[in-house]
Each structure stands twice: as structure tokens, then as C-alpha cells.
> 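Structure below; questions to follow.
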Amino acid sequence: MSTVWPALEEILIKVEKPARYIGLERGAQKPAHDSKNVAWLLTYPDVYEVGFPNQGLQILYEIVNELEIGEAERAYAPWIDLEAIMRAENIPLFSVDTHRPAFEFDVVAFNLSSELVYTNVLNCIDLAGIPLRSKQRSVDDPLVGAGGHCTYNPEPLAEFVDFFVLGDGEEVITELTNAIYAWKSNSNYPKSRNDLLENLSEIEGVYVPALYEVTKDSHGHQLLEPKNELAPKVVEKRTIADLEDWPYPKNQLVPITEVVHDRLNVEVFRGCTRGCRFCQAGMITRPVRERSVDQVRTMVKSGIERTGYDEVALTSLSTADYSDIEKAVALTTDDTLSCGQVSVSLPSLRVDAFTVGIAATIQGVKRTGLTFAPEAGSWRMRQVINKLITEEDLYGAVESAFSQGWRRMKLYFLIGLPTETDEDTLGIATLAQNCVEIGKKYTKNASVTVSVGGFVPKPFTPFQWFGQNTTTELQRKVNLLKDATRNMRGIQLKWHDPKATVVEGILSRGNRALADVLEDVWRSGGTFQEWSEHFDLDRWLTAMDNHELSVDWYTYRHREKTEPLPWDHLDAGLYKDFLWQEWRDALEQVGLEDCRWTPCYDCGACTGFGIDHVVASTSPPVGGSQGTWQDLENGGTRPQLLTIGTRSKGGDKH
Amino acid sequence: MGRIRFASHRDIAKVWERALRIANVPMIYSEGFSPRPRIAYGLALPTGSESDCEYIDVQVDDSNGLPFDLLEVSGLLTFHLPEGIEVNGASVMEGKPLSLQQTVTSSVWDLTVNEDNVTVDLWLGRMNELKEIVIVRERKGKQVIDDIKPFVFSLEKGTNKEDGKVVVTAELGTQPRSLRPSELLRSIEPCLSEYKLRRRKQIVQQGAARLDPLEVDGATRMRIPIGAS
């Protein structure tokens, strides 16, 4: 075992924020190295401040280090200034825990949470001293793995990554560790890399791209076939049945230097069944698995005592939907627990007065900003995307917030959604203006920040067949909103760069042919593409051109039902028929309710895997139209229509 | 000492706040929208520097008498602070003492530089000769022209070497503004560049006495015997 620390120590004073690279965080581990063990380098392919809080990485870090045969350390993408010095002085990618060089690990595993980090993955592989493409690697090179939401379409990275894991990592990481350990320790094993890859592919949830033959149909669509009978025809995602069995992280890391989400995070449930049709997270993480309120309390209490944090966030995809939310909030704000100095935050608020009421209770005197996500500017549009918030609910939430002392709030919207008209887009400005008007009753400084992002269709959602809006179209819609809000006092408009949206779109539904594009962009210096100061669309367009690939074909084109999709060999639990039905229903503005509290409509996530929702309380939380089946008074007329059976065909998309 | 030297003054402030909470020290919090514990951090240590002598003031609620044993809490804090930070002593200050920034009059530094013996000797010779060294320094975003010579209390070549490099030992004044080691090294030609800085001592000059900040008037000192840090 070796360390790059002495070399690093000499240069750290020359770089920005050197504390990114020193480790020493509370909870950090220094595993004793044993060459027989399986050593994982869990790598977040973005800068430390962004990667550090990632809960998935921290959970796996603990699980592996609890194994007798496992060692896990962490790495983050070095910022551009350090990378330049590392390359000049031949310092490889290293772990922050013991500053061990990446190539000494058995596995370098990446968390993929956004398409724009893909070139950073290539950069980290290269900095690790590992050959860039899977097929160039020898038996002595570390395995390169990846997990996280982007693995539901891993094809653009398939040439660079040896194995992908679909779904929850808690169980599968131990199975992978065991398999690698067996391969390493059995002297009879023919020690070829391919043997190991075949062994890994037998583990449920593990996809090994090298074991599949790539062909194309007559329209140029990618088809994959297993090269032999060992690799599964379809790789199914992994799902842990009960979150209660996995109270991780038990020792959440506390950083030395400031990071995003710098607070204690306690995950109260995983999964979401609201069924928003644009939302990949909500589709691929089904079913809902809640922790008991007792476990939440225990995790908060021990976490606060251990970390010294004065803020705890109850995290999930929509925490106000936690069935025992009132009790959870009451217990976590309990003074004996917190000495009165701990504040609680709900990072994802539902849009209704009830939720704001909870936020007011827990935030006490702290009145930080409130963020709501109505997602679309008109009721019609919200029916299309199945985000069934009535205007009454939004205004109720806003009124409740301003009346309780908030002065500013942020509203999130998507533009470029299926069937969107300019009327829908401009509805965003009207909604925001009405919110400011409500606020003016309470404070003359009422302000609303409107944040709009261009919609990127994602695999395993009902919108996976939709042709994304072009950059020009998205920019036109941004301009419409700029014009509309120019003279509205109290409204700040912010938008995500439509140029970045197109790159996300190319990669989101891309295939293996994009490997050359990724390599070109990376070689031309295109790293940290999530950072606007480093993003450069021209690099991508040039690379697409050079390899004769069409942005239009990859991104802007609507897909037919019969078209093979690059992720057809993967299974996120959802029946393709269900997704297609949802796509048709979307186009006809037909809503679908939350199946936690209503009969199962059989999307496949539970029935296909023999699992079910796990809820903390048998009765749902109250709420408005965003609430539940049982309580829709706030929304006035019941907004949802139940649809069963096949709907009439036809109905053109636009 | 060690890796933690790369954490900034601001980072270390947060680290202290959390460690004090973990150790259950009953701190007094500020009023207002966002209550913060009342902690004062003294003279900032430049990022990348080591130190044997950092001090903080913590306001503690003693309405029911001092609620904890200083020795015990110091040990607990060392346990909960990151590797490289040790609590070596503590004093009780009654009433409203002057802040550390106002109290400390000078710091003694070991300045390990990249330049060779010849260059360092030349630099030292000129430094000691000059009656006045006027430099432009930046304070709170403003350019200030200062004669720094009165801030240089003593300056000599150290006897030890660090990683085979020459060490200059300097005592630098801190009132009303501190002279930063980097400013000193760059103040005259041939400019020196720091390899590693280490603050050895902070001194409170009271009359003829040169005191440790834990020993100033009004302080009741609890010395914590520990090994060299």
C-alpha cells in the first residue's frame, strides 16, 4: 500500500480550497489494507462539495467497511487547478481517506446522478491510471463500476464501465464484494478478467455491457443480445424490501469544509407513487418504503448527538407525503432531544397549506426560503404531467406562507413538456404574479423567484417516447417568460441554460455510439460540464458531427411504440405497456392517483418483484389536491379521473 | 498540525462549534433570527500554516455555577476534534475580558522558506539594516500603505531545519493590525517564499511581563498535561 500524501502536501497550498483533499472528516474511516480484501474506491465524479453529502455513497462506504473482507474509501473529482498539477507531477487519482492511489483498489465505482458528469467519469478513470475503455483493461487493472439513477440508461458509458448496478445498492454491494473476493482468493480460478465479469453478471441487478453483442436494425436502432447464455437477457433492478432493515448511514460523515446540504440527513422513505410522468426518480424507485417513526427518531437523536449538527433534514422524494409526518415532526422538534437549538428542514415541500403549516412549526423563528414545485403553469399542463396541484392549493400554500412571516419563495417549473402551448408557458408568469399579489397583502417586499428548466425525457418514464424541445424552442419559451415578467414587480426569473439541456437530452436516451463523442469531448478538455463556466456546447456539437451522429435523431425525435429503445434489456420494474398507457393518457390529459392509498393499477414495480409498499402509518397524511384520495376538499372539485382499460387510439401528439 | 493545516480559519470555526456541541458545553447563543453560539476565534491562522498556540473564547452559561470540569471537557474536545487539533489548556475568564484579538500583542513564527542559506542571509541582513520598510498591504479590500518595520520585533535564522530547508524565526506585532508572515517575506528583495509556516507562540505583553493568553489578569488557568503536539 502506498500514499500520495507527501507529493500532495507540497502542492496543496497552491490550489483553491485545499481542505477538499485532506479527508479527516468526522466518521471517516481508515481501513487497514489487506491485499486479500476487496477494496472499493467509491468515487463521486464531481467536486468534493457536491459529492460529499451524497447519501448513497456514504451508505455503501459503511456497508463495505463493515464487511470483514471489504475496504471502502472515497474519492472526488479533483478541481481543474489541482488536476493540472496532478497531471504535471504524475500524481494519480487518490482516496481522501488514506490518500491511496486509485489503481491500488480492486474496484473504482462511480455514482452517476447526472448525464453532465459523464466526461468527469472518463477523466477520473484516466487520472486513476486505468485504460479508458473496458476492452483495453488487463487482469491487473481495477474494475470500473457505476451505480445511481443514470444507470437506467448506461449505454453512452457502456464502453468505459465494466459493470453497472441497477437500483438499491445496499444488498448487491456485498454480493459483488463476495464474488470478487472469491475470484481473487481461489487459486484454481483462471484469472482472466472476462471470467470475473461473467461471475458478476450472474448477480441480480448487475449489468456487464461487454457480455452483449451490439447490432442495429434497419432504422439504425441499437439492439443488444447476450453473447452467451451466462449473461441475462434482461437485467432486473434491485430493490430492498424494507428500509427499516437498513438504518444507514449510521455514522453520517461531517465535513471539515463547507459542502452543499451541510446538515444531518435522515432518509424517511424511499420511492414515490405520486406518478408524475416526467419524473424518473418517482418511476424507478417504486414502491414506497417508509421507515417507522421510531427509527426516524432514533436516527435523528443519535445523529445529532454524534455529529454536532444543529440542522436535520428529513429526506425523501416528497417528505410531506410521509404517512406519519406529523408525529415525525413532533418527535424531531422535541426540545429534550435538541436542547432547543436544532432546526428541522423538509427539502422537498408539497404544495399545500398543510405542508406550509408543518414547515412553520419546525422552522420556528428561522424563516429561510420556501420552495414549491408546481412544475407547470396551467391546470391542463399539470394534468398532462400528472402533477395534480390545483391553483387553489398553490395559492393556499402561498397565502399560508406569507401570513406566517415568509417574504420570498421560489417556484420551480419545467418548460418544453409534451403538448405545451405558449398559453401554458405564459401561465407560469401569471401564477407567479398572483403569488406576489397574495404576498403584498402581508408585506410590501413580497418576492417570488421563478426557476425554469428545460424538460429532458428520461428512460423508464411515460415520456420516454417524447421528442425533446429544441434549444431554439426552449430559448424562445424562456424569452416569452422574460418578456412577460419584465414589468412584474417582485418576480425574478431564472432559467437553466437550454444549451446544457440538449446535451442532457443526447445522453439521457443515447446509445453506445456516443462513446466516441464522450471521449472526444473529454479529450478536448470538456470536464465539469455541470458548471456553467466550463460548459461548452460547441465541443459536443463538433464531436457529434465528427462521428456523423445527429442531435435531432437522438434528442428531438418522437419515438414510435415499436421502436427498440437502448435500455430495453434493462428492467426498472415498470411494464412497458403501463408506461405506454400513461403516455397515451398524458396526451389526453387523464390523471392517475397515488396508488399508496388507492387500489393497485399494476405498474409492475410491486407485482413483478413480490414486494409491496411499506408505510409507517395506516392512514394517509391530510392535504389538498396534492394530498390523497381521501381528502380533496381543498382542491374543490375532484381533479382526478380514474382510467381503466385501453383508451381510444389516435390523438396526435401536437 | 498535519493535514488539518489546509482547512481555512472559517472551516475550523465550524469544526469548533460542532465539537463544543458534541461535548455538551452549555454555550450562550446570540439572539435573533439565526442564533449562533458566542465564540470568538482570535487571530486567524493562514490556511496551510501549522500552529502550537491557537486560542478561542467560548461564552458559557454558568448561571448554576460552572457546570463541567475544564480538564474533562478539554480532553473530550480533543477526542472529538479532527486529528491534528489538540486542546492543551483552558482558563476561566470572569466578567467581560478583552477579546483575544485585542489582547495578543505579538506572535512568534517559524517561517520555513524555499530559498537557500545565501539568499536568506542576504535578506536578513537587509531587513535588519533598513530603518523603514514601506509596503502596500490590503486590508478589508482597501490598499493601505504601511511601514512594517515597527511590527518586526525580532528576526533571526532558526537553528532547526524543516525538510532540509532554512527556517527564519520571527516575532511579529499584532496591534493594531497583524503583520502577516507572507507580507514580511515579500516585503523586500530578494523576496522569500514560504514552504511551511508554523506559529509557535502568541504573546500578551503586560508591562514587562510576556504572558500566555491563558495567563493574563483575571484568568484562572487549568493546565492540561499532555504530550507534545
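First the proteins, then the strands, lettered A, B, ... as listed; each starts at 1.
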> Of the non-hydrogen atoms in R36(B) and D310(A), which two are nearest, and what is the gap between them?
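For R36(B) and D310(A), the tightest heavy-atom pair comes out as NH2-OD2, 3.4 Å.
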> Which residues in residues 12-20 of chain A have any heavy atom lying under 4.5 Å from a heavy atom of chain B?
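Only L12(A), I13(A), P18(A), A19(A) of residues 12-20 of chain A have a heavy atom under 4.5 Å from chain B.
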> Using side chain to side chain contact (heavy atoms under 4.5 Å, CB included) as the criterion, point out the one residue from E17(B), R21(B), R18(B) that pairs with Y309(A).
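Only one of E17(B), R21(B), R18(B) forms a side chain to side chain contact (heavy atoms under 4.5 Å, CB included) with Y309(A), namely R18(B).
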> Take atom CZ of R407(A) as the centre, draw a 6.0 Å sphere, and report whether it contains more than 12 heavy atoms from other residues, nucleotides or ligands.
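No.
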> More than 12 non-hydrogen atoms from neighbouring residues, nucleotides or ligands closer than 6.0 Å to CZ on R10(B), yes or no?
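Not more than 12 within 6.0 Å, no.
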> For residues 21-28 of chain A, give me every residue with a non-hydrogen atom less than 4.5 Å from any non-hydrogen atom of chain B.
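Within residues 21-28 of chain A, near chain B: I22(A), G23(A), L24(A), R26(A).
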> For I4(B) versus I256(A), what's the shortest heavy-atom pair and its separation?
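Reported closest heavy-atom pair: CD1-CD1, 3.7 Å.
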> Give a yes or no on whether K201(B) atom NZ has more than 12 heavy-atom contacts from other residues, nucleotides or ligands under 6.0 Å away.
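Open: at most 12 neighbouring heavy atoms sit under 6.0 Å from NZ of K201(B).
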